[in-house]
Amino acid sequence: MTTASSPDRPWQDTALSAEKRVELLLQAMTLEEKVAQLGSRWAGNDMADTELPADETINVAPMEDVFAAGGSLSLEEASRDGLGHLTRVWGSVPQTVEQGVAEVIRQHHVVLEGSRLGVPALIHEECLTGFTTYGATVYPASIAWGATFDPGLVERMAAAIGRDMAAVGVHQGLSPVLDVVRDYRWGRVEETMGEDPYLVAMLGSAYVRGLQSGGVLATLKHFAGYSASRAGRNHGPVSMGKRELLDFILPTFETAIATADAGSVMSSYADIDGLPASADTWLFTDVLRDDWGFAGTVVSDYWAVPFLASMHRVAVDTADAGALALTTGTDVELPDTIGFASLVEQVRSGEVSEDLVDRAARRLLLQKVKLGLLDPDWTPEGSVRDSVDLDSAENREIARQLAERSVVLLDAGSALPLDPGVRRIAVVGPCAADAKTMMGCYSFPNHVLPRYPERGMGVEVRSPLDALRNELPDVELVHEVGCAVSGDDRSGFEAAVAAARDAELVVAFVGDLAGLFGHGTSGEGCDAEDLRLPGVQAELLTRLLDTGTPVVVVVVSGRPYALGEFADRWAGVVQAFMPGQEGAAAIAGVLSGRIVPSGKLPVQIPKHVGGQPGTYLQPALGSVESAGISGLEVVPLFPFGHGSSYTTFEVGELRLSATEIGNDGQFTATVRVRNTGERAGDEVVQLYLHDVVARVARPLKQLTGFARVSLEPGSAKDVTFQVHADRTAYTGPDLRRIVEPGDFEVLVGTSSVDLPCRAVVRITGDVRVVGHDRVLTTPVEIVEAGGG
């Protein structure tokens with residue numbers, strides 16, 4: 001039951017509008033108290049002083065200075081005037097649910113009892129592969145979500161994550177990552193959902209809806225351009241014009257705000273054409289606020305504010321950096337108050353307007369009101385439950401479904417599914433027996449637990465070897481590692497080769513082990529020089545193939561690796577993008593044939609280790625059409641959207657509702673997809689558009705709609721895409737987004753290359769300028785085909 005607000009705290013009156021309550025609180029606040037709302041404190045951060053085992057050290061450069069600055073105050077000192085955020089109470093050290101609940105309550109009481117007004121802090125946590133805390137379900141990495149092409153399932157996963165986080169007192173999740181892959185060498189490819197803006201937008205918006213349905217604010221990151229750094233180097237400068245930014249990077253964020261009402265946006269570390277994102281008023285005010293109408297909070301990526309001085313060198317010191325970030329549009333500094341620590345003094349000296357402080361505080365306090373933190377009956381104890389199963393059977397079931405739908409059969413070859421008559425299989429490679437290779441960088445086992453090896457992984461995670469033993473109980477499995485994921489130790493080659501020679505079949509598990517800042521081959525700060533398999537894995541694979549024993553290759557990775565040198569030699573190849581806690585069983589099921597694979601590539605698989613444009617979104621000069629003008633081949637080994645199956649499908653009978661529409665009209669494109677094989681399965685029908693003649697060089701094709709379709713053997717369904725003229729819009733020569741008249745090819749099929757259905761639609765009328773109110777999505781209807 002709601003308790004009435006006290007007369008001295010009228011902002012607790014729930015009968016008033018949220019906006020009125022915020023204004024009443026702001027009026028009661030001193031300048032110090034308002035500024036305190038813009039800061040945060042990471043009381044549990046031990047990354048700077050924890051030693052790793054086996055002579056490893058944690059590489060925190062270039063964060064060593066900010067670690068020291070942020071850790072100089074106790075929570076009591078940092079919150080004497082209140083506090084905006086509490087940072088990663090759950091995600092910093094391994095703890096039980098009971099211990100975590102107690103720590104949440106403790107930190108809340110420090111903030112409430114040490115400050116005059118008793119305004120609770122908002123707690124944020126990472127949730128990129130699930131709730132990043134000890135003992136919580138580890139879902140597949142984001143790049144695996146991309147491989148599912150299944151927004152509904154991603155939304156279910158995010159809703160489960162949101163419910164778990166809200167149950168233990170978390171208010172904001174630092175996900176999803178809406179960066180669009182531009183260079184496969186970038187270490188954080190695994191955190192993205194792929195290389196196509198529409199795929200990322202649809203999956204990312206689904207994640208936002210799911211997480212926020214559980215009562216947890218979603219945070220869109222990294223705004224913007226972070227994934228397009230030169231040479232794929234973390235924190236590297238970005239060479240990108242505004243047209244590319246507007247057409248390929250920003251639409252994912254815009255869609256999540258317009259269609260899912262995302263609550264928060266996180267700034268990027270990147271500088272674009274020399275201007276750091278956190279210092280870009282055009283990005284954070286003109287576009288985000290004025291054009292898109294975003295009303296939530298902008299939070300800094302960790303230490304992005306002081307980085308304006310220490311890394312970008314566009315500010316004199318941290319105080320100057322804080323003033324610059326606030327003016328540009330950052331509302332809350334994470335994970336500790338460093339740059340914003342001088343704002344009180346700067347306002348009093350006239351250097352910074354108090355209106356800017358009020359603007360940011362108003363945005364954050366409005367969220368606190370809507371989350372119930374300013375209600376009179378809110379208490380730390382009442383905000384949490386102490387009997388929450390963070391790895392429930394329901395969670396694991398969702399993780400299983402995601403994993404199974406994400407595994408991509410690149411080529412069944414001659415050996416897949418496995419022949420039930422095979423009796424001796426050599427299982428080799430560094431990813432075969434290491435369960436950690438199933439999980440991404442931001443999973444708790446790979447993100448935090450390397451500093452606590454005695455704590456295990458907190459959840460049960462099978463390795464592929466264990467899963468195969470369970471899947472194939474009557475088969476003799478001989479295991480040899482062969483080599484590590486990284487490094488140049490070849491001492492295990494001979495044993496692996498001997499095992500291969502003595503076997504009827506080899507299953508070679510190669511790929512990545514995620515880590516932080518160089519302590520892995522994939523993940524934040526783990527960028528690749530080229531797209532060769534890490535370490536000496538390519539050499540091991542060559543030696544195995546040389547034995548003459550059929551080799552099935554399973555790549556378990558966070559990025560695509562170049563496999564062209566093996567393409568005519570394997571007996572089958574599977575791509576699994578860090579499929580999470582239930583991933584090993586999913587891989588084993590695909591290999592055995594128990595599971596009919598249905599994953600599709602959200603990124604292309606390159607043929608060569610370097611020297612080609614990576615993503616499929618290329619204009620004529622970056623595509624196969626440019627053959628002959630350069631000696632560098634641009635054809636991928638496997639294209640975007642590709643994925644084979646153990647059944648067969650036909651897509652045909654394209655029907656258009658119109659072949660000519662006005663510049664504000666729409667048409668429908670219907671195809672019939674039929675399962676022509678002997679097993680039930682899913683196919684992902686994909687619609688692409690090609691602007692035949694445009695005012696700027698445009699991609700030769702771009703994904704405009706997609707649908708996952710489940711079909712029994714012999715059955716058929718009609719898939720209808722509703723395509724508005726706005727879906728052809730692009731940024732013209734004057735940087736205005738336009739729909740222009742002309743011919744557009746409509747291409748429908750099962751990958752960006754396999755497009756058997758083709759037609760042309762003409763748009764008539766004048767050039768039309770469109771804005772944020774344009775149609776951003778392509779609705780799809782799936783019905784049973786008549787006469788099926």
TODO: Answer yes or no: does atom CZ of R736 have more than 12 heavy-atom neighbours from other residues, nucleotides or ligands under 6.0 Å?
DONE: no
Task: D301 side-chain N/O to A304 backbone N/O, donor-acceptor pair under 3.5 Å - done: no
Task: Over all atoms of both residues, closest heavy-atom pair of L178 and G204 - done: CD2-CA, 3.6 Å
Task: Euclidean distance, D273 CG relative to L245 CG, rounded to 0.5 Å - done: 10.5 Å
Open item on the list: Assess whether a salt bridge exists between E745 and R698, defined as any Lys/Arg side-chain N lying under 4.0 Å from an Asp/Glu carboxylate O.
Closed with: no
- [ ] Say whether, by atom type as modelled, one donor and one acceptor occur between the side chain of E683 and the main chain of F649 under 3.5 angstrom.
- [x] no
Open item on the list: With a 4.0 Å cut-off on N to O distance, would you call D179 and R188 a salt bridge?
Closed with: no
- [ ] To the nearest 0.5 Å, tell me how far D527 CG sits from R185 CZ.
- [x] 9.5 Å
Open item on the list: With rounding to the nearest 0.5 angstrom, report the CD to OG1 distance, E351 to T327.
Closed with: 9.0 Å
Open item on the list: Between D331 and R289, is the salt bridge (Lys or Arg N to Asp or Glu O under 4.0 Å) condition met? List the steps.
Closed with: CA-CA 13 Å; D331 300 313; R289 300 290 185 181; 2.9 Å; yes
Open item on the list: Quick check against the 3.5 Å criterion: does H772 have a side-chain atom that pairs as donor or acceptor with the backbone of W292?
Closed with: yes
Open item on the list: Could you tell me if R727 sits above the aromatic ring of Y198, with its cationic atom closer than 6.0 Å to the ring centre and no more than 45 degrees from the axis?
Closed with: yes
Task: Residues T731 and D247: side-chain donor-acceptor under 3.5 angstrom - done: yes
Task: Given F223, F253, F294, the one that forms ring-ring contact (aromatic ring centres under 6.0 Å, His included) with F284 - done: F223
- [ ] Could you pull out the closest heavy-atom pair between D196 and Q702, with the gap in Å?
- [x] OD1-CG, 4.2 Å
TODO: Count the heavy atoms of every other residue, nucleotide or ligand shown that sit under 6.0 Å from CZ of R762, and state whether that count exceeds 12.
DONE: no
Task: Y269 and N234: side chain donor to acceptor below 3.5 Å - done: no
Open item on the list: Please check: side-chain N/O of H608 versus main-chain N/O of G564, any donor-acceptor pairing under 3.5 Å?
Closed with: no
Open item on the list: With side chain to side chain contact (heavy atoms under 4.5 Å, CB included) as the criterion, how do R243 and L735 come out once you've worked through the C-alpha distance, each side chain's angles and the decisive distance to 0.1 Å?
Closed with: CA-CA 6 Å; R243 180 174 295 104; L735 295 182; 4.1 Å; yes
Open item on the list: Just checking R532: does its CZ atom have more than 12 heavy atoms from other residues, nucleotides or ligands closer to it than 6.0 angstrom?
Closed with: no
Open item on the list: Under 4.0 Å between a side-chain nitrogen and a carboxylate oxygen: does that hold for E254 and R774?
Closed with: yes
- [ ] Please confirm whether the backbone N or O of Q604 pairs with a side-chain atom of Y184, one donor and one acceptor, at under 3.5 Å?
- [x] yes
Open item on the list: Does L601 form a side chain to side chain contact (heavy atoms under 4.5 Å, CB included) with F577? I'd like the steps, not just the answer.
Closed with: CA-CA 10 Å; L601 288 175; F577 290 110; 4.0 Å; yes
TODO: Answer yes if the ring centres of Y207 and W145 are under 6.0 angstrom apart, and no otherwise.
DONE: yes
Open item on the list: I'd like to know if the side chain of Q172 pairs up with that of T219 as donor and acceptor (distance under 3.5 Å, no hydrogens or angles considered).
Closed with: yes
Task: Among T778, V780, V746, side chain to side chain contact (heavy atoms under 4.5 Å, CB included) partner for L687 - done: V746
Task: Residue that, paired with E195, satisfies side chain to side chain contact (heavy atoms under 4.5 Å, CB included) out of V189, V200, L617, V603 - done: V603
Task: Sequence-distant partners of R708, side-chain hydrogen bond (donor to acceptor under 3.5 Å, both in side chains), two or more places apart - done: S598, D682
Open item on the list: Does any part of the side chain of F640, heavy atoms only, come nearer than 4.5 Å to the side chain of L703, both counted from C-beta?
Closed with: yes
- [ ] Sequence neighbours left out, what passes side-chain hydrogen bond (donor to acceptor under 3.5 Å, both in side chains) with T129? Give chain and number order.
- [x] none
Task: Check: D512 side chain, G558 main-chain N or O, donor-acceptor pair, under 3.5 Å - done: yes
Task: Ring geometry between W303 and F307 (parallel below 30°, tilted from 30 to 60°, perpendicular above 60°) - done: tilted
Task: OG1-CG distance between T668 and L656, expressed to the nearest 0.5 angstrom - done: 7.5 Å
Open item on the list: Quick check: do F667 and Q722 have side-chain heavy atoms less than 4.5 Å from each other?
Closed with: no
Task: From CA spacing to verdict: side chain to side chain contact (heavy atoms under 4.5 Å, CB included), T728, D691 - done: CA-CA 8 Å; T728 70; D691 192 343; 5.9 Å; no
- [ ] Rounded to the nearest 0.5 Å, what's the gap from CH2 on W282 to CG on D290? Could you check?
- [x] 12.0 Å
Open item on the list: Is it the case that the side chain of R313 and the backbone of S310 share a donor-acceptor pair, with hydrogens and angles ignored and the cut-off at 3.5 Å?
Closed with: yes
TODO: Give a yes or no answer on whether the side chain of S300 reaches the backbone of L334 with a donor-acceptor pair at less than 3.5 Å.
DONE: yes
Task: Closest contact, heavy atoms only, L324 versus A279 - done: CD2-CB, 3.7 Å
Open item on the list: Please check: side-chain N/O of K221 versus main-chain N/O of L174, any donor-acceptor pairing under 3.5 Å?
Closed with: yes
- [ ] State the OG1-CE distance between T259 and M202, to the nearest 0.5 angstrom.
- [x] 7.0 Å
Task: NZ/NE/NH1/NH2 to OD/OE distance under 4.0 Å, D183 and R233 - done: no
Open item on the list: Taking side-chain hydrogen bond (donor to acceptor under 3.5 Å, both in side chains) as the criterion, tell me which of S142, S557, S522 meets it with E190.
Closed with: S522
Open item on the list: Between Q212 (side chain only) and G263 (backbone N and O only), is there a donor and an acceptor less than 3.5 Å apart?
Closed with: yes
- [ ] Side-chain contact test, heavy atoms from C-beta onward, threshold under 4.5 Å: evaluate it for V775 versus Q666 and give yes or no.
- [x] no
Task: Test item: R655 and R672 side chains (from C-beta on) under 4.5 Å apart, heavy atoms - done: yes
- [ ] Apply the test side chain to side chain contact (heavy atoms under 4.5 Å, CB included) to residues L211 and S175: give CA-CA distance (whole Å), side-chain angles for both, the deciding distance (0.1 Å), then the verdict.
- [x] CA-CA 9 Å; L211 194 74; S175 288; 5.5 Å; no
Task: Note, K600 side chain near T750 side chain (heavy atom, < 4.5 Å) - done: yes
Open item on the list: To check you understand the geometry: which heavy-atom pair defines the closest contact between Q686 and S751, and what is its length?
Closed with: OE1-CA, 3.4 Å
TODO: Determine the minimum heavy-atom distance between P306 and T318, stating which atoms define it.
DONE: CB-CG2, 4.0 Å
Task: Pairing residues for R695 by the side-chain contact (heavy atoms from CB on, under 4.5 Å) criterion, not counting sequence neighbours - done: Y730, P733, I738, E740, V767
Open item on the list: Tell me the closest heavy-atom pair linking G322 and F340, and the distance in Å.
Closed with: O-CE1, 3.3 Å
TODO: Compare all side-chain heavy atoms of V208 with those of P176 and state whether any distance is below 4.5 angstrom.
DONE: yes
Open item on the list: What I want to find out is whether D280 reaches K242 closely enough, with some N-O distance under 4.0 Å, to be called a salt bridge.
Closed with: no
Task: Heavy-atom side-chain proximity of L364 to L38 below 4.5 angstrom - done: no
